[in-house]
Amino acid sequence: MLQTNISSHLYGFTDLKSLNERGPLVISYGKGIYVYDTKGNKYLDANSGLWNVCAGFDHQGLIEVAKKQYEKFAGYHSLFGRLSEETLELSKKLIEVSPFSQGRVFFCNSGSEANDTMIKMLWMFNARKGQPNKRKIITRINGYHGVTIGASSMTAKPYNKEFGLPSSEFIHVDCPHYWKYGLENESEEEFSLRIASKLENIILKENPDTIAGFVAEPVQGAGGVIPPSKNYFDLIQPILKKYQIPLIADEVICGFGRTGELWGCDTYNIKPDIIISSKCLTAGYFPMGAVIVDKNFSDKFVEVSEEAEEFPHGFTAGGHPVGCAIALKAIDVIINEGLLENVKQVSPYFMERLNEFNEYPNIGETRGIGLMAALEMVKDKKNKIPFEGHLNMGDKVANKSIDNGLICRPLGPAIVLCPQFIINRSQIDEIFNNLHKTIKDIFS
Ligand SMILES: *Cc1c(COP(=O)(O)O)cnc(C)c1O
C-alpha cells in the first residue's frame, strides 16, 4: 500500500502495478535539463517534462517576467471584449511568427481545449453556412490530440474505448509509418501513394460534404514519434484541397522548434488553415493553448459569429495575462537566445547517436527529426514482431532507466526521447551512454 500522503493523488496515464511497487518519483526542483527528487537524486529528464519545458527548468528570464507580470496584473479573462494588454500583444506576436501573414488567435489553457475549440468553430461555421451535416473530423491512427471529449475522439488510440469513444463523427485513417505499415516489396513512395489514395476513397465514401476537417500532427508525437513517410504531405494536401476540406495542423509538440524549424509545417511544407499550439508556447511555465487561424477562415468565422451575435465559447483563464507575458518571453527566448538554432545544430549528432541502437537485436527501428526520437522495441527484429503486452517491456525500460538516472518515457513499444532545446553535445552523450546501459541491462 502507498503511504497516505502519496495515495491521496489520483494518477493519470500511470501503470498502477508499477506505481504500487515502486511508489511515485517525487520531484523537488529542476536545474537546466536536470530534475532532483525529494531524496536529492539527480536525473536527466530526456522528455523535457512532457515535451514542453524546452528552455531549462530554471530559466531566469522567464521567471523574472512571470514575477513582474504578477506584480503588474496578476489575473484576468479575455471574454466580453475585455482583456489584458499582454493578451493582445501575444495575439499579434503569434500571427507574426506563424506561417500566416494575417489571422486571429483564440486562447485557452491546454492543447486539448484548443482542439475542442477548433472543432466547435468548424461546426458552428458550417451549420451557419447551411451545411449542418458537415461535421466529420478525420485524424490518423496513432494520432494524439488530447483528452477532452472532442480531442479524445480525435486521438486514435485503443484506450479511448474505455470511454465509449470515438463518437461516430470521428474517422481514423492510415498512419504514415512506413516501417510498420508498409507492405512487403512496397517502396516508401508507393506506400505514401497507397495511403493517400485510400484517404481519397474514404472521403468519397463518407461524402466530402460531411467532412469538416482533417487534423494532423506534422510528426506524430505521443503516438511514438512518427515522422511522415516520404511525400506524404505533398500527396494528401491536393486531395484535401480538391474536396475543400480544411487542414488543421496540430503543432502542440512540433511548434516552436522541436523539429528544427519554428513550425513542423515549415519542415514538411504543410500549408494549414488552422494551427493548434500549446506545450513549448510557454516553455512549459504556464498552462496555455492557442488556436491560430488564417485570415481566410477567421474573417468568415467572425462574420458568422456576428450573425449569431457571438462565438458562444470561452475559458475563464484563457488569455491569462501572466501566461501571455510568459509566452511572449518564451517566443523571444526560443528565437533570440539561440534555442531554435541549437536544435538545428545538435540534431544531426542526436540522430547519429540514436542510430547506434540499430545494432541491437531487440531494437527494430530508430527514427526521429530535430530533437524528437524513438527507438522501437521488438521481440523479433526480422519480422518486426513486438513484445507481448503482458511483458510490459516499456515500463521495465522506463523503471530501469530511472534507476540509472535518466528519465525517458516508453510509449507502447517505443522509447521516446525529446530533450530540451538547450541540450549540448556532452549531455546528448550522457543520454545515449546511459540508454546503452539500460538496454543492455534489460535485454541481456
Ligand atoms: C499534448 C498534446 C495535446 C494535448 O495537450 P494538453 O495540453 O495535454 O491538453 C494535443 N495535441 C498534441 C499533438 C499533443 O502532443
Side-chain angles (χ1 to χ4, degrees), residues 11-14 47-54 106-120 137-157 159-160 163 165-166 170 172 175-177 213-228 233 247-259 263-265 267-268 270 272 274-292 315 317-320 323 326-327 330 368-374 409-412 414 416-420:
Y11 293 82
F13 285 125
T14 300
N47 287 151
S48 301
L50 196 45
W51 305 90
N52 55 343
V53 185
C54 57
F106 187 96
F107 290 111
C108 42
N109 312 296
S110 68
S112 303
E113 289 177 1
N115 272 315
D116 274 49
T117 299
M118 172 272 296
I119 294 171
K120 285 174 84 174
I137 304 284
I138 303 180
T139 57
R140 290 101 41 86
I141 288 163
N142 297 320
Y144 182 85
H145 301 286
V147 296
T148 46
I149 305 296
S152 287
S153 276
M154 285 163 58
T155 293
K157 298 267 223 168
Y159 53 69
N160 280 317
F163 313 109
L165 297 171
F170 294 81
H172 300 160
C175 164
H177 189 187
F214 178 93
V215 190
E217 301 156 86
V219 180
Q220 291 188 321
V225 184
I226 303 168
F233 279 107
L247 170 56
I248 298 96
D250 187 337
E251 290 264 13
V252 170
I253 280 178
C254 295
F256 293 104
R258 182 58 70 187
T259 64
W263 302 98
C265 286
T267 301
Y268 295 104
I270 301 168
I274 299 174
I275 284 175
I276 305 298
S277 180
S278 186
K279 294 204 167 104
C280 291
L281 170 58
T282 56
Y285 281 33
F286 203 89
M288 179 181 287
V291 185
I292 310 171
F315 300 93
H320 193 287
I326 291 172
I369 185 160
L371 280 181
M372 59 196 297
R409 194 164 71 119
L411 276 164
V416 165
L417 302 170
C418 47
Q420 300 200 33

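Each ligand, and each atom within it, is numbered from 1 in the order the structure gives.
Across every non-hydrogen atom of Pro227 and Tyr268, the tightest pair is CB-OH, 3.7 Å. Heavy-atom minimum distance, Met154 versus His145: O-CD2, 3.5 Å.
A distance-only check finds a donor-acceptor pair linking the side chain of Asp116 to the backbone of Ala151 [under 3.5 Å]. Listed for the Asn160 side chain is a donor-acceptor partner under 3.5 Å among the backbone atoms of Ser152.
For ligand 1, the atoms sitting less than 4.0 Å from at least one non-hydrogen atom of Gly146 are 4 (C), 10 (C), numbered in the order shown with element in parentheses. Counting atoms of ligand 1 from 1 in the listed order, those under 4.0 Å from a heavy atom of Ile253 are 15 (O). Which parts of ligand 1 touch Glu217 is read off a 4.0 Å heavy-atom cut-off, strictly below it: atoms 13 (C).
Below 30°, between 30° and 60°, or above 60°: for Phe256 and Trp263 the angle between ring planes is between 30° and 60°, a tilted geometry.
In this structure, atom 11 (N) of ligand 1 lies nearest to the protein heavy atom Asp250 OD2, 2.8 Å. Atom 7 (O) of ligand 1 has Gly111 N, 2.9 Å as its closest protein atom, hydrogens excluded (heavy atom only).
By the criterion of a heavy-atom distance under 4.0 Å, both the backbone and the side chain of Tyr144 are placed next to ligand 1.
The closest heavy-atom contact to atom 14 (C) of ligand 1, among the options Lys279, His145, Met154, comes from Lys279. Which of Ser112, Gly289, Ala151, Cys254 comes nearest to atom 9 (O) of ligand 1 through a heavy atom is settled by distance: it is Ser112.
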Verdict with reasoning, Trp51 to Val252, per side-chain contact (heavy atoms from CB on, under 4.5 Å) = CA-CA 9 Å; Trp51 305 90; Val252 170; over 6 Å; no
